[in-house]
Asker: 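Structure in structure tokens, see below.
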Amino acid sequence: MSNQILHENGSASGTLCATTPGALDLDGVVARKVRRHLLPFLFMLYVIAYLDRINVGFAALTMNHELGITSQQYGLLSGIFFWGYFLFEVPSNLILDRVGARVWIARILITWGVVSLATGFAQSAMQLYVARFLLGIAEAGFFPGILLYLTYWFRQRDLAHTIGLFMTALPAASIVGGPMSGWILDHLHAFGLSSWRWVLILEALPAILGGVLTYLLLPDGPGDATFLTSEHKASLKSALRAEAETKVASARRSVLRTIGSPRVLHLSAVAFLFMIGLYATGFWMPQSIKAVSRGLDHASIGLLVMIPNAIGVCFMVMVSRSSTRRSEHHWHAALSLVAAATAFYFVGSAVSLPACLGLWSVAAAGLYGFIGPFWSMPAQFLTGREVATALATICSIGNLGGFFGLSAIGSIATRTGDLTGGFRLVAVALLLSSALLLAQWYRDTTWVAPKPVYE
């Protein structure tokens, strides 16, 4: 029986139907098989990526004192990473789309592993600034590249859930990295190197190994997948091709026109405000918990950091699955941000460890719940080279929020002596991000125009 996918109409919301129930079942079988073979490996790579990005948050527990780094300097060295990211994100994704995921993702991993390892030998705040900036350049393109890579394999209806599953790696990196980083800080002082240096050095090595494995194991696309039969490959290619033809932007746009698209810029603004909260969690949670922990050692703080992140994993999967089942993304993402904003408003003034952990758990649940629904949105209206450009643009502009947020929190903490004001700034940013999402939902569902709204 044919598995031909029929295109019922040419609008952005046109349906894709199979000719038989058996064909629909085949689509589900292929999606599950692809998830089973690709996601564990991609999950591992993103754990490595996010750990190398935020492990300076644990290193700071002793590094700041040893090098005489103030809260304001720490905020700057944490955030300067994102300027390197911003400058090279779009070119990196366009190169990936041209040369293939296997070669380019392997290059990214090996390069950032080398730079991250070198960061462990920095002797001053200025050297850390340079190293973190170079790390941003080296890692630029990894996250949007993986998102682009997933669009090569999954239809829109499966994408939010798939992204949610993949991005459980984000809290998992903190779950794994927290106890590991804490243990290294407390126990490893070999060869005359401080323990914070060993945190950065040892946690850089998996990136280099991951790059080699990526080059050897990762297929560029369905046509290279040895785990799919010829029938499954044909079914997947047919479904993806038919879906691409329904998108309003299927006619090729220039890179600059895609970057300047109002809808892409709107999503970039949402991401900018969201990243303020995400990286405040990754970089400042350990210090926030330490402030109310009354003498706990670093290994114990690392274990406590696991709790909010473990809760975040559960909510990420739940919200992504609900978003996929209901084919709704904006409200799922927006309400998640409201929950996170509420927690950030109060967490800086928490005076007990249980209250602090409870509020961080709510913040993590909201932030991670946002991710799956949000990052599936660009593929709803773009395809091919355009979605590669859009994902990279949203990610690069969004990551500047990490720079702004971390720098602002550090500056406010230096002036006031605590984190309350900085975290309340994060709460405002997340509420604005939620409002932007709902504004776009309102526009998309109420405006009627003779041509695509965001052309």
Side-chain angles (χ1 to χ4, degrees), residues 47 50-67 69-79 81 119-120 128 132 170-188 194-200 202-203 276-313 340 343-344 347-364 367-368 402 405-407 409-410 412-414 417-420 422-423 426:
V47 167
Y50 196 68
L51 183 60
D52 279 349
R53 192 180 305 179
I54 67 167
N55 57 10
V56 71
F58 276 94
L61 296 175
T62 59
M63 175 187 74
N64 288 1
H65 176 73
E66 180 177 321
L67 298 183
I69 295 172
T70 67
S71 294
Q72 186 169 2
Q73 288 175 314
Y74 171 69
L76 179 58
L77 73 87
S78 300
F81 166 93
T119 305
L128 283 170
R132 293 288 297 177
L170 194 153
S174 296
I175 292 171
V176 173
M180 181 169 62
S181 299
W183 185 90
I184 294 172
L185 281 175
D186 282 339
H187 296 95
L188 195 56
S194 302
S195 58
W196 68 265
R197 298 184 185 278
W198 283 112
V199 169
L200 301 179
L202 292 179
E203 293 176 3
I276 293 175
L278 180 66
Y279 288 110
T281 301
F283 285 90
W284 289 99
M285 188 197 298
Q287 296 188 58
S288 173
I289 292 174
K290 182 179 181 180
V292 297
S293 63
R294 293 178 176 82
L296 289 180
D297 61 20
H298 298 124
S300 298
I301 292 172
L303 290 171
L304 291 175
V305 167
M306 291 175 61
I307 297 172
N309 286 287
I311 292 171
V313 169
F344 266 105
V347 72
S349 56
V351 295
S352 70
L353 184 58
C356 184
L357 284 175
L359 288 166
W360 276 118
S361 297
V362 174
L367 290 168
Y368 297 145
L406 294 171
S407 300
I409 293 170
I412 293 170
T414 297
D418 64 39
L419 296 169
T420 302
F423 287 160
V426 174

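Just so you know, residue 1 is the first one in the sequence shown, and it goes up from there. Worth knowing before you read on, the calculation uses all heavy atoms, side chains too, and leaves out hydrogens, waters and symmetry mates. Model, not experiment: these values are computed from the prediction.
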Asker: Side-chain contact, heavy-atom cut-off 4.5 Å: Thr62 with Ser194?
Answerer: no

Asker: Under the side-chain hydrogen bond (donor to acceptor under 3.5 Å, both in side chains) test, which residues partner Ser349, sequence neighbours left out?
Answerer: none

Asker: I need the Leu357 CG to Met306 CE distance, nearest 0.5 Å.
Answerer: 12.5 Å

Asker: Is there side-chain contact between Asn309 and Tyr368, with at least one heavy-atom pair below 4.5 Å?
Answerer: yes

Asker: Side chains of Gln73 and Leu67, heavy atoms from C-beta outward: is any pair under 4.5 Å?
Answerer: no

Asker: Could you grab the distance from atom OG1 of Thr119 to atom CG of Leu200, nearest 0.5 Å is fine?
Answerer: 6.5 Å

Asker: Between Leu359 and Ala350, which heavy-atom pair has the shortest distance, and what is it?
Answerer: CD1-CB, 4.2 Å

Asker: To the nearest 0.5 Å, what is the distance between CG (Leu367) and OG1 (Thr281)?
Answerer: 4.5 Å

Asker: What pair of heavy atoms forms the shortest contact from Ala413 to Leu419, and how long is it?
Answerer: CB-CD2, 3.9 Å

Asker: What are the two closest heavy atoms between Ile409 and Ala280, and how far apart are they?
Answerer: CD1-CB, 3.6 Å

Asker: Can you name the nearest heavy-atom pair linking Phe344 to Ala363, along with the distance?
Answerer: CE1-CB, 4.0 Å

Asker: In Å and rounded to the nearest 0.5 Å, what is the CG to NZ distance from Asp297 to Lys290?
Answerer: 10.5 Å

Asker: Test Ser361 against Ile307 for side chain to side chain contact (heavy atoms under 4.5 Å, CB included), laying out the working first.
Answerer: CA-CA 7 Å; Ser361 297; Ile307 297 172; 4.1 Å; yes

Asker: Please name all residues satisfying salt bridge (Lys or Arg N to Asp or Glu O under 4.0 Å) with Arg197, sequence neighbours left out, ordered by chain then number.
Answerer: Glu66

Asker: Residues two or more places apart in sequence or in another chain: which of them pass side-chain hydrogen bond (donor to acceptor under 3.5 Å, both in side chains) with Ser288?
Answerer: Trp360

Asker: Pick out which of Val351, Ile289, Leu304 makes a side chain to side chain contact (heavy atoms under 4.5 Å, CB included) with Cys356.
Answerer: Ile289

